[in-house]
Amino acid sequence: MSLAFLLLLPVLLSGYLFSQNCCLTRFRVVRLEGYHLYFRCALSGSIFFLLAMALFWVMVAYLPESILSVGHDVKRSFDRVFSTSGSAVFGATVISLLSILIAYVLLHIVNRIVPKEYAAFLAIQYDDLELLIYRAVTQLKAVSITVENGKVYVGWILFGFEANDERKFIRMLPIMSGYRDEVTKKVSFTTFYEPIIEAITQSTDLEDSDFEVILPVSDLKSANLFDAETYLKFQAAYYEQAKDSGRDQNFVPDETSEFAS
């Protein structure tokens with residue numbers, strides 16, 4: 001049995017075991033590939049292997065002789081089964097198993113101590129889109145999304161951050177939709193979904209989730225949190241400015257409209 005194999009395998013295996021299952025690392029690791037994943041696992045595994053070596057030498061130095069004698073018996077059986085002699089291979093095997101055991105125990109301890117939401121936040125803290133979605137979900141706020149063709153959707157994000165590959169789609173339940181003017185880039189809302197969805201779900205077997213919209217991230221032009229009350233205030237201010245200057249005035253929902261309600 002190759003000594004190099006006994007040293008390399010536990011480093012990678014313990015590193016992968018911990019990185020893939022620990023809440024502090026799995027959200028990042030699952031999006032890695034190629035040598036990035038290899039080196040991340042190797043780094044974590046090296047730490048566990050060093051801890052296992054330290055634990056092994058402490059055991060040899062401080063365990064009672066009665067327990068060490070059992071270890072000698074196991075070593076003799078190991079030498080017969082694998083046709084080896086000397087302590088190097090057996091010691092490497094024990095350290096390898098210890099490193100995997102340490103990784104397994106530590107990941108369960110960390111998963112119990114660290115809240116999942118906090119671990120997810122650490123993983124996405126440098127991803128602006130994921131942070132926006134995280135805020136929308138945790139703060140119960142709507143999101144306004146503009147896509148490539150100028151269509152604008154405002155709605156609730158149905159699913160927040162998940163440990164999967166790089167996000168390709170955004171799932172949302174629309175509140176309203178409209179379009180952004182090609183010249184002025186000002187948004188005009190034309191469809192209000194809430195009263196329609198409410199009427200349909202009350203009279204049929206359909207549920208709110210049946211009206212969800214899936215938007216490709218590749219088509220996304222902009223995204224921001226949306227507050228209806230704040231939007232109406234901005235619209236009212238724009239309306240007054242347009243009225244005073246004599247410019248064309250776009251539709252502004254009043255307090256009796258579906259949007260304002």
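Quick note: residue numbers are just sequence positions, from 1.
Side chain of Ser99 to main chain of Ser96: a donor-acceptor pair is present (N/O by atom type, distance under 3.5 Å, no hydrogens or angles). Between the side chain of Thr25 and the backbone N or O of Ser19, at least one donor-acceptor pair lies under 3.5 Å. Between the side chain of Asn111 and the backbone N or O of Asn21, at least one donor-acceptor pair lies under 3.5 Å.
Residues Val143 and Leu225 are in side-chain contact: their nearest non-hydrogen atoms beyond the backbone lie under 4.5 Å apart. With contacts defined as side-chain heavy-atom distances shorter than 4.5 Å, the pair Tyr193/Phe211 does not qualify. The closest side-chain heavy-atom distance from Val213 to Leu173 is not below 4.5 Å. Between Met59 and Leu98 there is a side-chain heavy-atom pair separated by less than 4.5 Å. Residues Phe226 and Lys141 fail the side-chain proximity criterion, which asks for heavy atoms closer than 4.5 Å. Under the 4.5 Å side-chain criterion, counting only non-hydrogen atoms from C-beta, Lys186 is not in contact with Tyr179. Contact annotation: the side chain of Tyr104 approaches that of Leu17 to within less than 4.5 Å [non-hydrogen atoms, C-beta and beyond]. The side-chain heavy atoms of Leu215 and Ile145, taken from C-beta on, include a pair separated by under 4.5 Å.
Linking Ile, Leu, Val, Met, Phe, Trp and Tyr whenever their side-chain heavy atoms come within less than 4.5 Å puts Leu106 and Met53 in one cluster. The hydrophobic cluster containing Phe48 also contains Ile100, counting ILVMFWY residues as joined when their side-chain heavy atoms lie under 4.5 angstrom apart, directly or transitively. Hydrophobic clustering of Ile, Leu, Val, Met, Phe, Trp and Tyr side chains at less than 4.5 Å, counting indirect connections, keeps Ile102 apart from Leu43. Following chains of ILVMFWY side-chain contacts shorter than 4.5 Å, one can reach Leu101 starting from Ile109, so the two form part of one hydrophobic cluster. Ile47 and Ile95 fall within the same hydrophobic cluster, where Ile, Leu, Val, Met, Phe, Trp and Tyr residues are linked whenever their side-chain heavy atoms come under 4.5 Å apart, directly or through other members.
Phe169 and Val217 make their closest contact through N-CG2, 3.8 Å (heavy atoms, listed as atom of the first residue, atom of the second, distance). Nearest heavy atom pair, residue Gly155 against residue Met172, reads N-CE, 3.1 Å. Residues Ser14 and Ala103 come closest through the heavy atom pair O-CB, 3.6 Å. Pairing each heavy atom of Arg180 with each of Ser222, the nearest pair is NH2-OG, 4.4 Å.
Atoms CG and CG, on Leu50 and Leu55 in that order, are 12.5 Å from each other to the nearest 0.5 Å.
Checked against side-chain hydrogen bond (donor to acceptor under 3.5 Å, both in side chains), Ser144 has no partners two or more places apart in sequence or in another chain.
Applying the 6.0 Å contact sphere to CD of Gln139 captures more than 12 heavy atoms from other residues, nucleotides or ligands.
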Assess whether side-chain contact (heavy atoms from CB on, under 4.5 Å) is satisfied between Lys168 and Ser218, documenting all intermediate values. CA-CA 7 Å; Lys168 294 184 173 66; Ser218 59; over 6 Å; no

side-chain contact (heavy atoms from CB on, under 4.5 Å) assessment of Val114 paired with Leu24: CA-CA 8 Å; Val114 180; Leu24 287 177; 3.8 Å; yes

